[in-house]
Amino acid sequence: MIRLEQIHKTYHNGSPLHVLKGIDLEVEKGEMVSIMGASGSGKSTLLNILGILDDYDSGNYYLNNMLIKNLSETKAAEYRNRMIGFVFQSFNLISFKNAMENVALPLYYQNVSRKKRNMLAMEYLEKMGLREHAFHLPSELSGGQKQRIAIARALIAQPQIILADEPTGALDSKTSLEVMDLLKEVNNEGMTLVIVTHERDIAVRTNKIIHIKDGIIDSTEILK
Ligand code: ADP
Ligand code: MG
């Protein structure tokens, strides 16, 4: 599903910062893996490259056997919309749109009719146990509910992979475990997931932990 070969990335705003120093990584279809490392170790940088949100300087990134390199903005957006679902720490919901509209949003970019997108959004909300909250604004929902809406939004376009950057980072520990249980269910249905976290409690709920340190993969821990 994902193959990275010797990925390097340096930021150039200010003095150059060499963040990724030769990352080799493979994620198979159906895996649920976590990427762990200290704050500033390059986890988000790596996830942004996987999500085609950012470029890399050298190496190769294959997604579904397709080389993701030097893409135009348009191509990058097309691949992203078609293949990748995102979940973020801060939920990134649109504050003036209700839960149903937030979930439906990725389908808007695929020119699906309003009626059809809202119908599908209701199905995904139902799966997340949030049907009765469909017409609520994000500000009327708890953190856990907001993250479940973000997960529904990530799923609705049936991506190949879901990338989650600290998905439990803004949640209390009980809600965090509920969100991890939900992501595990999504994985059990066949979805491939990559989850960035700096918390071991969260990482141990995935099947493989990739430890990143000083810009390289330090070790890989297989859990089951
Ligand atoms: P993590 O997610 O593991 O905390 P990041 O990938 O966000 O780490 O950041 C790695 C390093 O790169 C940090 O030192 C951070 O300050 C720096 N960094 C991240 N994004 C940028 C950017 N857009 N421009 C310059 N430096 C950045
Ligand atoms: Mg980060």
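In this text the structure is predicted, and so the values were computed from the model without any measurement.
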Residues which pass side-chain hydrogen bond (donor to acceptor under 3.5 Å, both in side chains) with Asp172, listed by chain and number, not counting sequence neighbours: Thr175
Between [X] and [Y], which heavy-atom pair has the shortest distance, and what is it?
| X | Y | answer |
| --- | --- | --- |
| Lys9 | Asp55 | NZ-O, 2.9 Å |
| Glu221 | His211 | OE1-NE2, 2.6 Å |
| Val103 | Tyr124 | CG1-CB, 4.2 Å |
| Ile23 | Ile212 | CD1-CD1, 4.0 Å |
| Asn81 | Gln110 | O-NE2, 3.5 Å |
| Glu189 | Lys127 | OE1-NZ, 3.2 Å |

Report, as yes or no, whether the 6.0 Å neighbourhood of atom [atom1] on [X] holds more than 12 heavy atoms from other residues, nucleotides or ligands.
| X | atom1 | result |
| --- | --- | --- |
| Lys69 | NZ | yes |
| Glu132 | CD | yes |
| Asn65 | CG | no |

Sequence neighbours excluded - ring pair (Phe, Tyr, Trp, His ring centres under 6.0 Å) pairs with any residue from residues 133-172: His133-His136
Side-chain ion pair, Lys174 and Glu178, N-O less than 4.0 Å: yes
Candidate list Val33, Leu25, Ile210, test side-chain contact (heavy atoms from CB on, under 4.5 Å), partner Thr220, passing option: Ile210
CG-CD1 distance between Leu155 and Ile162, expressed to the nearest 0.5 angstrom: 4.0 Å
Donor-acceptor contact below 3.5 Å, side chain Glu5 vs main chain Gly22: no
